[in-house]
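Working notes for the structure below.
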Amino acid sequence: MRDIQKLKEIAVTLRKDIIKMLTESASGHPGGSLSAVEILTALYFSEMRVDPNNPRWEDRDRFVLCKGHAAPVLYAALAEKGFFDKSHLMTLRKLGSILQGHPNMNDTPGVDMSTGSLGQGLSVANGMALAAKLDNKDYRVYALLGDGEIEEGQVWEAAMTAAHYKLDNLTAFLDHNGLQIDGQVTEVMNVEPVDEKFKAFGWHVIVIDGHNFEEIFKAIDEAKSVKGKPTMIIANTVKGKGVSFMENAVGWHGTAPSKEQCEEALAELGGENNA
Amino acid sequence: MPNLATREAYGKALVELGKENRNVVVLDADLSKSTKTADFAKVFPERFFNIGIAEADLMGTAAGLATCGKIPFASTFAVFATGRAFEQIRNSICYPNLNVKIAATHAGITVGEDGASHQSIEDISLMRTIPNMTVIVPCDDVETMAAIKAAAEYVGPVYIRLGRSSVPTINDEYTYKFEIGKAVKLREGKDVTIFATGIMVSEALKAYEMLKEKGFEAEVINIHTIKPIDAKAIVESVAKTGCAVTCEEHNIIGGLGSAVCEVLAENKPAPVVRVGVKDTFGQSGKPAELMKHYGLTAENIVEAALKAMSKK
């Protein structure tokens with residue numbers, strides 16, 4: 001399904017769910033969840049071969065949320081996709097919830113890997129891609145990294161490994177929103193030029209607008225056609241996208257909205273709907 | 001007694017496992033000739049992944065393979081496996097309870113000439129404190145072969161501590177039975193229990209003979225699994241002997257000594273004397289010289305046993 005209009009509607013739903021679940025939990029990370037909405041929408045509602053009724057299906061495509069603090073966008077997508085009932089979203093970060101503060105594969109149906117400690121996910125995605133090649137399976141592995149996250153050295157170890165083992169069944173996205181907890185990525189610890197860096201590490205690199213579905217799909221298709229190397233899709237995004245007072249505001253990295261702010265955000269997103 | 005390093009037995013065990021189970025894969029961080037994973041790589045090159053000098057990535061890649069049904073054995077030196085990649089082991093392997101086996105070689109001070117930077121004396125402590133982790137320290141080649149096979153059959157993360165230097169073969173390859181979490185009583189005695197792990201088991205057996213000459217009957221128990229520890233065997237033995245000595249080629253903080261003390265303090269308080277590296281870094285030297293210098297010989301165990309018995 002590449003019904004862009006429909007996907008745009010799903011994206012709005014996910015954004016509303018993110019806002020509502022974070023308001024209810026009163027803690028969590030809205031900014032980096034909202035910046036990745038279109039990427040996850042494209043993957044889960046069009047591209048990826050997954051079965052909500054069989055979350056551990058051996059032949060499924062895999063997704064590793066390397067930037068695990070964006071768990072709300074993953075949970076919203078999985079719930080919308082039908083991996084679990086949407087009522088769970090309001091239990092985010094609460095005692096006994098299947099929705100932990102950062103994703104845990106053994107708690108949440110549909111989560112392919114536990115993440116949250118930055119820099120570790122790409123290595124795991126590599127392992128999944130190697131397993132696919134060993135077993136001659138055609139599933140693909142997707143990973144989503146944050147641009148602050150790539151300050152972690154392990155990311156570059158994994159970048160070497162993916163190229164060394166020619167993991168062309170791996171497509172990674174860089175959520176390039178330019179902000180991290182302490183400020184602008186370029187000021188805290190400059191990671192630029194990210195495109196040149198991944199190219200130098202042996203990756204096929206595509207730069208897109210990470211909120212534009214046409215560009216996301218074009219990049220996904222291009223990645224699938226590339227042989228012998230992994231692809232990094234550098235998705236230029238806006239942290240807090242869709243909620244004007246959160247957009248490009250560093251303070252919204254790890255702060256939950258108040259009830260009033262929630263209502264304001266939902267109004268801006270087109271009003272209340274059932275989460 | 002024949003002499004073989006536990007890492008040598010590891011290489012042999014991997015090749016056997018590789019033949020039996022096509023899901024067994026092996027990863028190394030540029031030390032395959034030393035860790036002996038090169039033995040596996042020679043026979044099964046398509047199932048061997050050299051990750052280069054990148055221990056964090058080593059553990060993460062192993063975790064990813066495990067999520068897809070593979071049984072990865074990840075190897076490097078113990079100090080790098082458990083130190084450099086501690087948090088990867090914690091968060092990417094143990095928290096999701098993935099079926100990764102970390103077989104780390106060159107543990108302890110018998111690494112020898114490379115010196116303190118390469119002598120892991122903290123790894124047992126680090127690994128046993130992580131939930132979901134099983135910790136095994138084989139004492140000889142026979143036990144290593146058995147432990148590697150048991151680890152492959154067990155589902156969940158396992159840390160296996162292996163050594164660089166040759167050690168005497170204690171167990172009979174035809175009759176020895178290994179069970180994860182089940183201590184092995186090697187000698188019966190009533191005066192003191194000597195709990196030993198890894199290469200210290202053979203020293204403990206020597207100490208048994210020396211104590212016998214002095215008129216003492218020591219009980220010698222091989223604690224090859226530090227976690228889950230065989231609390232029943234520990235308590236039952238000390239209930240009989242009334243005191244204990246622990247022996248490990250590891251810091252006296254956090255390893256076997258601590259584990260035994262925890263069990264006894266909660267179940268059967270008794271005097272314990274710990275033989276191990278006394279919270280200090282090692283140095284370069286020949287393995288035997290280092291064992292003597294850091295107090296890890298049979299003589300040191302005898303001395304500790306006499307001290308423990310005097311406190312009863």
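Just so it is clear: chains get the letters A, B, ... in the order the sequence lines come, proteins before strands, and each one is counted from 1.
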Which bit of B:Arg90 comes within less than 4.5 Å of chain A, counting heavy atoms only: side chain, backbone, both or neither? neither

Nearest 0.5 Å, please: how far is CG in A:Leu134 from NZ in B:Lys70? 5.5 Å

Answer with side chain, backbone, both or neither: which region of A:Gln100 has an atom nearer than 4.5 Å to a non-hydrogen atom of chain B? side chain

Applying side chain to side chain contact (heavy atoms under 4.5 Å, CB included), run through B:Ser92 and A:Val124 and close with a yes or a no. CA-CA 8 Å; B:Ser92 285; A:Val124 176; 4.2 Å; yes

Using a cut-off of under 4.5 Å on heavy-atom pairs, state which of B:Asn97, B:Asn50, B:Ile53, B:Asn23 scores highest against chain A. B:Asn50

May I ask you to check whether over 12 heavy atoms, not counting those of B:Glu46, lie within 6.0 Å of atom CD? yes

Any chance NZ of B:Lys232 has more than 12 other-residue heavy atoms, nucleotides or ligands included, within less than 6.0 Å? no

B:Cys68 side chain near A:Asp135 side chain, heavy-atom distance below 4.5 Å: no

Less than 3.5 Å apart, any donor N or O on the side chain of B:Thr61 or A:Asn126 sitting next to an acceptor on the other? no

B:Ile51 and A:Met160: CA distance, side-chain angles, deciding distance, side chain to side chain contact (heavy atoms under 4.5 Å, CB included) verdict: CA-CA 9 Å; B:Ile51 301 299; A:Met160 279 186 272; over 6 Å; no

Under 4.5 Å heavy-atom distance to chain A, tell me which part of B:Leu98 shows up: side chain, backbone, both or neither. side chain

Should the heavy atoms of other residues, nucleotides or ligands under 6.0 Å from NZ of A:Lys137 be counted, would the total exceed 12? yes

Decide yes or no on side chain to side chain contact (heavy atoms under 4.5 Å, CB included) for B:Thr67 and A:Asp112, but give the supporting numbers first. CA-CA 8 Å; B:Thr67 67; A:Asp112 291 323; over 6 Å; no

Can you confirm whether more than 12 heavy atoms, excluding those of A:Lys166, are under 6.0 Å from its NZ atom? no

Chain B contact via A:Arg62 - which portion, at a heavy-atom distance below 4.5 Å: side chain

Hey, are the side chains of A:Thr115 and B:Tyr95 touching, using non-hydrogen atoms and a 4.5 Å cut-off? no

Could you tell me which of A:Ala129, A:Gly121, A:Ala131 has the largest number of non-hydrogen atom pairs under 4.5 Å with chain B? A:Ala131

Structural part of A:Ala125 lying under 4.5 Å from a heavy atom of chain B: neither

Taking the side chain as C-beta and beyond, is there a heavy-atom pair between B:Pro96 and A:Met113 under 4.5 Å? yes

Does atom CZ of A:Arg49 have more than 12 heavy-atom neighbours from other groups under 6.0 Å away? yes

Applying the side chain to side chain contact (heavy atoms under 4.5 Å, CB included) test to A:Gln154, which of B:Glu87, B:Glu55, B:Gln88 qualifies? B:Gln88

pair A:Glu157-B:Leu58: side-chain heavy atoms closer than 4.5 Å: no

A:Lys224, NZ atom: more than 12 neighbouring heavy atoms under 6.0 Å: yes

Within this structure, what is the CG-CG distance for the pair B:Asn132 and A:Asn106, rounded to the nearest 0.5 Å? 8.5 Å

Answer yes or no: are there more than 12 heavy-atom neighbours, outside B:Arg84 itself, under 6.0 Å from its atom CZ? no

